[in-house]
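Notes to accompany the following structure.
The chain is numbered in sequence order, starting from 1.
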Amino acid sequence: MSGIGKTTLASALYDKVSGQFDASCFIENVSRIYKDGGANAVMKQILQQTMDENNLETYRPSEISSIVRNRLCNRKLLVVLDNVDLLDQVEELAINPESLSTGSRMIITTRDMHILKAYGTWLVSQNTRMSYQVYEVPLLNNNDARELFYRKAFKSKDPTNGCVKLTPEVLNYVQGLPLAVRVVGSFLRTRNAGEWRDALNRLRNNPDKEVMDVLQVSFEGLHPVAQEIFLHIACFFKGEKEDYVTRILDACELHPLIGIQSLVERSLIAIRDEEIYMHDMLQELGKKIVRQQFPGEPGLWSRLWLYQDVYGVMTTQTGTNKVKAIILNKKGHNSEYRRLRADGLSIMQGLQILILYHNDFSGSLKFLSNSLQYLEWHGYPFVSLPLNFEPYVLVELNMPCSSIQRLWNDHKDLPCLKRVDLSNSKCLVETPNFSGSKILERLDLTGCINLSYVHPSIGLLEKLVFLSFEGCRSLVRIVLHGDTASKLCSLKVLHLSGCTKLETIPEFTGVSNLEYLDIDQCTSLSIID
């Protein structure tokens, strides 16, 4: 990641070994040179440093390429290309690896792992004698971070200053990022303990601009869709399971398979134990980017993740169409916070993602954004969805433990809907008409103890893979019109256990893909249509 010391390490290595080569060069900030003058400008720098060639302005690009090929031929060469951010920046150079002497080395520093792998693979394909290695620079361990911090803050390896006892707090804040260690250490030098504490409190809320500016370069180099994924992870999904996040991002058409991999390759996130990890400072960068366009006006932010911001926006009804996502996690919900106004949601018509674990709302919910693509509301406190709710692009509707009695009346076109979870919604009495949700893949009605009517349109769901009525103890019959059960051609899992009053179900033997059928405790089941 930015600020981790790639250039510093490459420079130190260059100083140590460059004398062992016939010629050597260290090209700083290749990205900027290429942007200003293309590959020709980079090659001029190589010639100037390796051959003391300074009169190159009159040569055409093709002549520069020829000079590079001829002058560097059969020489043991060391080339360091620092801060490469496009594959073209190395592929367009006229350096022919086959013409260099044995022992030549090229070192590339970049924030994008894909560049190294793609270029290295190409080199090996051109010449099997070639090889490449990728070194991912790690964060500083605690001992090295402490030593660097002492040098910057105290100008000593073994300080006796009374502020030393605050060092663990500083190291916890910087999390091994060398740039942050250096900047914070230099800032705290000569200050007293009170100033240290005050500075740390300020940094936690307002990170250092120098550090943020360096990190922001990585963000700005991302594809716009990858930027959206980065901001979602920074604001909402750090520490969440990768497959869960992927589902949400996919629902929003953000192409998460390539997008998440791109962030991994650029060291902006890491996947550990199937969870998404992001450095705290990168997380703060993401939140800062969201806030900075409209400081102090959360109703104009694209994302809301803090209860106090959501409460303020909903209480004052200052939400706008700019709010695209609201996610309040399960930590400390309900009892710790004041009641939210339901009508505050009604004015945010641009919402695409809504995830809530709160059920303490005042008033009634008269409107929800029709732009919603992912809706997850644990303990939804209302008896139905708003009458005018027409979320044509909704992909997932998850409302476990809700107070829903009926989702909607009559037919509703939801052509993108893939998953519905109403598990443990104890007030639910009937399922809706699903004829407008032809690609529904998963329907979970587990624990809906008052469910007594299943709309026959369920039999039309040709993409349905998972269906659960487990524990629906008021359900007496499941009746589908005609032979529509045979259209459940994708159904693999059917849970009916605990349906103690269930008497009638369709004939499922025609469902060839059915892998699991659970009818345990269905003591009244005696009639098979």
I need the F237 CZ to L231 CG distance, nearest 0.5 Å.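 CG of L231 is found 12.0 Å from CZ of F237.
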
How many angstroms lie between CZ in F469 and CG in D518, if you round to the nearest 0.5 Å?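 Between F469 CZ and D518 CG, I get 13.5 Å after rounding to 0.5 Å.
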
With sequence neighbours excluded, what pairs up with [X] under the side-chain contact (heavy atoms from CB on, under 4.5 Å) test?
X	result
N141	N143, D144
P386	L365, L368, Y380, N388, F389
V225	H223, L254

Among R247, R442, K418, the one residue meeting salt bridge (charged side-chain N to carboxylate O under 4.0 Å, His left out) with E396: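 Of all the options given, the one that passes is R247.
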
Can you pull out every salt bridge (Lys or Arg N to Asp or Glu O under 4.0 Å) where at least one residue sits in [range]? Sequence neighbours excluded, please.
range	answer
residues 456-474	none
residues 256-268	D112-R266
residues 424-440	R406-E430
residues 212-239	K209-D213, E228-R303, K238-D280

Test of understanding: with side-chain hydrogen bond (donor to acceptor under 3.5 Å, both in side chains), list the residues that count as partners of [X], not counting sequence neighbours.
X	result
T110	none
E376	Y244, Y374, H378
S423	D421
E275	none

Assess, by modelled atom type and distance only, whether the side chains of D413 and H411 contain a donor and an acceptor separated by less than 3.5 Å.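 There is such a pair (donor and acceptor under 3.5 Å, judged by atom type) between the side chains of D413 and H411.
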
Scan side-chain atoms only and decide if N83 and S31 contain a donor-acceptor pair under the 3.5 Å cut-off.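 Short answer, no.
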
Without swapping roles, check the side chain of S262 against the backbone of L222 for a donor-acceptor pair under 3.5 Å.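 No; zero donor-acceptor contacts below 3.5 Å.
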
Can you list, pair by pair, the side-chain donor-acceptor contacts under 3.5 Å of residues 287-298, counting residues two or more places apart and other chains?
unit_1	atom_1	unit_2	atom_2	d
K288	NZ	Q292	OE1	3.2

